[in-house]
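Working notes, structure below.
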Amino acid sequence: MENQCRRWAKRYGDIYIVAGPIFYKGKHKTIGQHKVVVPDAFFKVVLCMQGTPKAIAFIYKNVEGNRPKDSYVNSVDDVERITGIDFFPALPDDVEQRVESRHCLSDWQ
């Protein structure tokens with residue numbers, strides 16, 4: 001995913017990327033002497049404003065595996081619902097609603 005984001009940045013110029021942990025409800029595993037909490041999953045949200053604005057999001061469960069990229073695709077709205085974060089509140093409402101509801105990887109090909 002990191003390499004893909006680099007390719008998109010080269011192709012589209014400026015892109016915005018937000019990434020972070022997801023903690024689902026319940027008890028969480030900890031590791032190390034300082035009891036660092038292990039996330040259940042990770043998200044990555046990507047926004048491109050070049051040309052027709054578009055966004056895409058990914059959720060990776062914190063388990064072993066390497067499936068095709070489209071297995072992890074979600075809409076930004078999905079990630080917002082799960083995390084409680086409003087990722088792009090400064091976008092005009094019509095643009096925000098349009099780009100955050102889509103989750104089409106082919107828009108980025």
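Just so it is clear, the model here is predicted, and its values are computed rather than measured. Scope of the values below: all heavy atoms of this structure, side chains included, with no hydrogens, waters or symmetry mates.
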May I have the step-by-step check of side chain to side chain donor-acceptor pair (under 3.5 Å) for Tyr24 and Lys61, ending in yes or no? CA-CA 11 Å; Tyr24 297 116; Lys61 291 183 180 174; over 6 Å; no
Tyr72 vs Tyr60, test: ring pair (Phe, Tyr, Trp, His ring centres under 6.0 Å). Steps then yes/no. CA-CA 6 Å; Tyr72 305 101; Tyr60 293 89; 4.2 Å; yes
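When Glu2, Arg6, Arg7 are each tested for a side chain to side chain donor-acceptor pair (under 3.5 Å) with Gln4, only one passes: Arg7.
Both Met1 and Leu105 are members of a single hydrophobic cluster when ILVMFWY side chains are connected at heavy-atom separations under 4.5 Å. Under a hydrophobic-cluster definition in which Ile, Leu, Val, Met, Phe, Trp and Tyr are linked whenever side-chain heavy atoms come within less than 4.5 Å, directly or via other members, Val73 and Tyr12 are assigned to the same cluster. Note on Ile59: it does not cluster hydrophobically with Phe42, by side-chain heavy-atom contacts below 4.5 Å among ILVMFWY residues.
In this model, no donor atom of one side chain and acceptor atom of the other lie less than 3.5 Å apart for Asp78 and His103.
Residues Asp107 and Ile56 fail the side-chain proximity criterion, which asks for heavy atoms closer than 4.5 Å. Residues Phe88 and Val45 meet the side-chain proximity criterion, which asks for heavy atoms closer than 4.5 Å. In this structure, the side chains of Met49 and Asp14 stay at 4.5 Å or more apart for every pair of heavy atoms.
The side-chain hydrogen bond (donor to acceptor under 3.5 Å, both in side chains) search around Asp77 returns none, not counting sequence neighbours.
Panel note: side chain Trp8, backbone Trp108; a donor-acceptor pair is recorded below 3.5 Å.
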